[in-house]
Amino acid sequence: QVQLVESGGGLVQPGGSLRLACAASGRTFSIYAMGWFRQAPGQEREFVATISGSGRTISYADSVKGRFAISRDNAKNAVYLQMNSLKPEDTAVYYCAADRSFFLSGSSPAYWGQGTQVTVSS
């Protein structure tokens, strides 16, 4: 069982930056692929990024490539999402997710956090 807790959401102006963090429970954190999804009001959940257990394999949604960066610290059981050049269309609840297998868009990871709100507005 893996428990995930996100933090770092908030209100930011367009063009600004935010760093989301996800803290995971458990002593086998490094075997899990970790990632982020987001869901805006009235829209379906959308894949954002994922990183393998070793950190060597990373994948991003086209909509965030070049602006977002996912990373992990296995010693701290944490995964991060650095979000730069934020746009109003990035506004959503961001969810941390984990699974034993690497996951991409269309996947449904086994474990989810409760979500953190990101609002991009002037």
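Just the heavy atoms: all of them, side chains too, but no hydrogens, waters or symmetry mates, feed the values below.
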Inset, instruction - For Thr116 and Gly9, indicate whether the former's side chain and the latter's backbone hold a donor-acceptor pair under 3.5 Å. - result: yes
Legend entry - Lys87 and Asp90 ion-paired at < 4.0 Å: no
Legend entry - side chain to side chain contact (heavy atoms under 4.5 Å, CB included) evaluation trace for Leu86 with Leu18: CA-CA 8 Å; Leu86 282 161; Leu18 275 178; 4.2 Å; yes
Inset, instruction - Calculate, to the nearest 0.5 Å, the distance between atoms CD1 and CD1 belonging to Ile58 and Ile51 respectively. - result: 4.0 Å
Legend entry - ring pair (Phe, Tyr, Trp, His ring centres under 6.0 Å) contacts in which one or both residues fall within residues 62-100, not counting sequence neighbours: none
Inset, instruction - Would you mind reporting whether Met34 and Asn77 have side-chain heavy atoms less than 4.5 Å apart? - result: no
Legend entry - Whether Glu6 side chain and Gln114 backbone form a donor-acceptor pair below 3.5 Å: yes
Inset, instruction - Tell me, with the steps shown, if Arg100 and Ile31 meet side chain to side chain contact (heavy atoms under 4.5 Å, CB included). - result: CA-CA 6 Å; Arg100 290 287 300 269; Ile31 71 174; 3.4 Å; yes
Legend entry - Flag, side chain of Thr91 to backbone of Val120, donor-acceptor distance under 3.5 Å: yes
Legend entry - Gap separating the OG atom of Ser7 from the CZ atom of Arg19, nearest 0.5 angstrom: 9.5 Å
Inset, instruction - Would you mind reporting whether Met83 and Val118 have side-chain heavy atoms less than 4.5 Å apart? - result: yes
Legend entry - Aromatic centroids of Phe37 and Trp112 separated by under 6.0 Å: yes
Legend entry - Under 3.5 Å: donor-acceptor pair, side chain of Arg38, backbone of Ala92: no
Inset, instruction - Tell me whether Leu20 is reachable from Phe103 by hopping between hydrophobic residues (I, L, V, M, F, W, Y) whose side-chain heavy atoms are closer than 4.5 Å. - result: no
Inset, instruction - Could you pull out the closest heavy-atom pair between Val79 and Trp36, with the gap in Å? - result: O-CZ2, 4.0 Å
Legend entry - Derivation of the side chain to side chain contact (heavy atoms under 4.5 Å, CB included) call for Gln82 and Ser17: CA-CA 7 Å; Gln82 178 66 44; Ser17 298; 3.9 Å; yes
Legend entry - Heavy-atom donor-acceptor pair, Asn74 side chain to Ser30 backbone, under 3.5 Å: no
Inset, instruction - Give a yes or no answer on whether the side chain of Ser107 reaches the backbone of Pro109 with a donor-acceptor pair at less than 3.5 Å. - result: no
Legend entry - Any Pro88 side-chain heavy atom under 4.5 Å of Pro14 side chain: yes
Legend entry - Closest non-hydrogen atom pair between Gly115 and Val93, with its separation: CA-CG1, 3.8 Å
Inset, instruction - Mind listing the closest non-hydrogen atom pair of Ser63 and Glu46 along with its distance? - result: OG-OE2, 3.5 Å
Inset, instruction - Report yes if some heavy atom in the side chain of Asp99 is under 4.5 Å from a heavy atom in the side chain of Tyr111; otherwise report no. - result: no
Inset, instruction - Decide yes or no for Thr57 and Phe102: does some side-chain heavy atom of the first lie under 4.5 Å from some side-chain heavy atom of the second? - result: yes
Inset, instruction - Could you walk me through whether Val48 and Tyr60 pass the side chain to side chain contact (heavy atoms under 4.5 Å, CB included) test, one step at a time? - result: CA-CA 6 Å; Val48 175; Tyr60 294 101; 5.9 Å; no
Inset, instruction - Take atom CD of Gln3 as the centre, draw a 6.0 Å sphere, and report whether it contains more than 12 heavy atoms from other residues, nucleotides or ligands. - result: no
Inset, instruction - Output every pair passing disulfide (SG to SG under 2.5 Å) with a member in residues 68-122, not counting sequence neighbours, ordered by first then second residue. - result: Cys22-Cys96
